[in-house]
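Reviewing the structure listed below.
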Amino acid sequence: MSTTGTGGAETQAPYGSGAAQATSRKRVRVHHLRQMKERGEVWPMLTAYDMYVAKIFDDAGIPVMLVGDSASNNVFGYETSLPVTVEELLPLVRAVTRATSRALIIADLPFGSYQASPEQALAASVRFMKEGRAHAVKLEGGRHYAEHVEALVAAGIPVVGHLGFTPQSEHMLGGYRVQGRGDSGEEILADALALERAGACAVVLEMVPASVAKRVTAEVRMPTIGIGAGPDCDAQVLVWQDMAGLRTGSLPRFVKQYAGLAETLSDATRRFAEDVRAGTFPGPEHCFE
Ligand SMILES: Nc1nc(=O)c2c([nH]1)NC[C@@H]1CN(c3ccc(C(=O)N[C@@H](CCC(=O)O)C(=O)O)cc3)CN21
Ligand SMILES: CC(C)C(=O)C(=O)O
Ligand SMILES: [Mg+2]
């Protein structure tokens with residue numbers, strides 16, 4: 001059932017440069033991630049937590065979205081990543097998968113839902129795949145989670161790893177700090193290789209020196225997804241509210257703002273409030289006879 005050109009459905013990634021990107025309607029699958037790496041195609045990724053936003057990203061050609069445990073901060077208003085639960089994240093995952101038709105949707109396993117054992121990781125991941133309709137899960141950690149990754153992969157669940165600054169371990173890491181400087185860069189590479197051997201399909205590298213990310217990217221076959229990890233990763237991810245300027249105040253150095261949604265929404269809100277107070281909304285065109 002070949003669809004396009006020379007590649008056919010098995011080898012032609014649904015996204016990519018040129019015509020394939022504009023025309024394909026197929027859902028991205030995990031094997032496409034490695035294909036994009038092999039072709040040298042760098043891809044964009046964003047977090048998403050709800051329907052309208054996920055649909056905009058899907059239509060804009062974002063091939064992979066993450067329903068991050070960063071919903072803890074950016075949806076639920078907790079101070080850190082730690083409090084958010086599977087119960088809180090599941091409906092967000094479900095909304096994002098329901099709202100999209102092309103992007104691959106990754107569910108982030110929250111703190112406490114997988115660390116205890118491969119069995120615990122499997123139980124949480126099955127919920128995200130089954131109830132959330134996610135296409136892959138992500139967990140934080142390196143070689144110590146190789147058995148967890150193996151158990152998930154054996155169950156048919158694609159797994160993304162996450163190394164460098166891992167927010168669920170902020171108390172162990174001593175805050176929001178760059179990881180892998182100096183000799184510890186080797187540890188990150190060793191962890192990435194352990195995850196790959198265990199069957200991970202990609203790995204997030206968060207706040208590591210660009211040189212370390214470049215080296216890891218060269219030495220693993222799975223794609224690396226950078227956030228504060230320099231330009232040589234196979235993909236780049238940002239939290240969408242950071243990218244779009246909905247979150248204001250002091251931002252991490254790795255963020256680039258592409259819009260000012262906070263200001264736009266604040267202006268709209270003030271004008272609505274003004275109109276209501278002045279009696280100029282609703283007008284006749286908003287009323288029924
Ligand atoms: N909105 C949002 N964006 C994120 O990138 C994000 C979340 N939330 N929540 C979960 C984690 C936490 N992350 C963070 C949080 C803070 C810094 C930060 O303050 N970075 C500073 C200090 C770095 C340093 O001192 O070395 C920076 O300037 O980058 C970085 C990543 C990344 N994740
Ligand atoms: C920043 C990304 C990689 C993440 O883990 C999250 O949003 O939770
Ligand atoms: Mg996360």
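Being a predicted model, the structure only gives us computed values, none of them experimental. Note that ligands are numbered from 1 as they come in the structure, with each ligand's atoms numbered from 1 the same way.
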For [atom], what's the nearest protein heavy-atom neighbour? Residue, atom name and distance, please.
atom                    : value
atom 27 (C) of ligand 1 : Arg253 N, 3.4 Å
atom 25 (O) of ligand 1 : Tyr176 O, 3.5 Å
atom 21 (C) of ligand 1 : Pro252 CA, 4.3 Å
atom 4 (C) of ligand 1  : Val239 CG2, 3.4 Å
atom 13 (N) of ligand 1 : Glu206 OE2, 3.6 Å
atom 8 (N) of ligand 1  : Asn74 ND2, 3.1 Å
atom 12 (C) of ligand 1 : Pro167 CG, 4.0 Å
atom 30 (C) of ligand 1 : Met207 CE, 3.4 Å
atom 6 (C) of ligand 2  : Ser70 OG, 3.3 Å

Could you tell me whether a side-chain N or O of [X] sits under 3.5 Å from a main-chain N or O of [Y], the two making a donor and an acceptor?
X      : Y      : value
Glu206 : Gly228 : no
Thr264 : Gly260 : yes
Ser117 : Gln120 : yes

Any Glu170 heavy atom less than 4.0 Å to ligand 1: no
Establish, from distance only, whether the side-chain atoms of [X] and [Y] form a donor-acceptor pair under 3.5 Å.
X      : Y      : answer
Tyr114 : Gln168 : yes
Asp275 : Thr280 : yes
Arg215 : Ser211 : no
Thr100 : Arg27  : yes
Thr47  : Tyr49  : yes

Within reach of ligand 1, part of Arg247 (heavy-atom separation under 4.0 Å): side chain
Under-4.0 Å heavy-atom contact with ligand 1, by part of Ser81 that carries it: side chain
Provide the number and element of each atom of ligand 2 under 4.0 Å from a heavy atom of [X].
X      : result
Gly68  : 6 (C), 7 (O), 8 (O)
Ile227 : 1 (C)
Leu66  : 2 (C), 3 (C), 4 (C), 5 (O), 6 (C), 7 (O)
Lys138 : 5 (O)
Asp108 : 4 (C), 5 (O), 6 (C), 8 (O)

4.5 Å side-chain heavy-atom contact, [X] and [Y]:
X      : Y      : result
Leu46  : Leu66  : no
Thr269 : Leu265 : yes
Val67  : Asp108 : no
Glu274 : Phe281 : no
Ser72  : Leu82  : no
Gln179 : Arg177 : yes
Leu163 : Val208 : no
Met65  : Leu104 : no

Answer with side chain, backbone, both or neither: which part of [X] has a heavy atom less than 4.0 angstrom from an atom of ligand 2?
X      : result
Thr47  : side chain
Ile225 : neither
Leu238 : neither

Ion pair Glu87/Arg127, N-O distance below 4.0 Å: yes
Sub-3.5 Å N/O-N/O distance, Ser70 and ligand 1: no
Asn73 N/O to ligand 1 N/O under 3.5 Å: yes
Proximal candidate to atom 2 (C) of ligand 1 [heavy atom criterion; set Leu246, Val255, Asp242]: Asp242
Pick from Asp69, Val204, Ile106, Asn74: the one approaching atom 8 (O) of ligand 2 most closely through a non-hydrogen atom: Asp69
Sole residue of Leu238, Asp242, Leu246, Leu251 in side-chain contact (heavy atoms from CB on, under 4.5 Å) with Gln257: Leu251
Reference residue Pro158; test side-chain contact (heavy atoms from CB on, under 4.5 Å); the match among Arg29, Lys138, Met129: Met129
Protein N, O or S within less than 2.8 Å of the Mg ion (ligand 3), waters excluded: Asp69 OD1, Asp108 OD2
Distance filter under 4.0 Å to Val178 heavy atoms, resulting ligand 1 atoms: 26 (O)
Tyr49 N/O under 3.5 Å from ligand 2 N/O: no
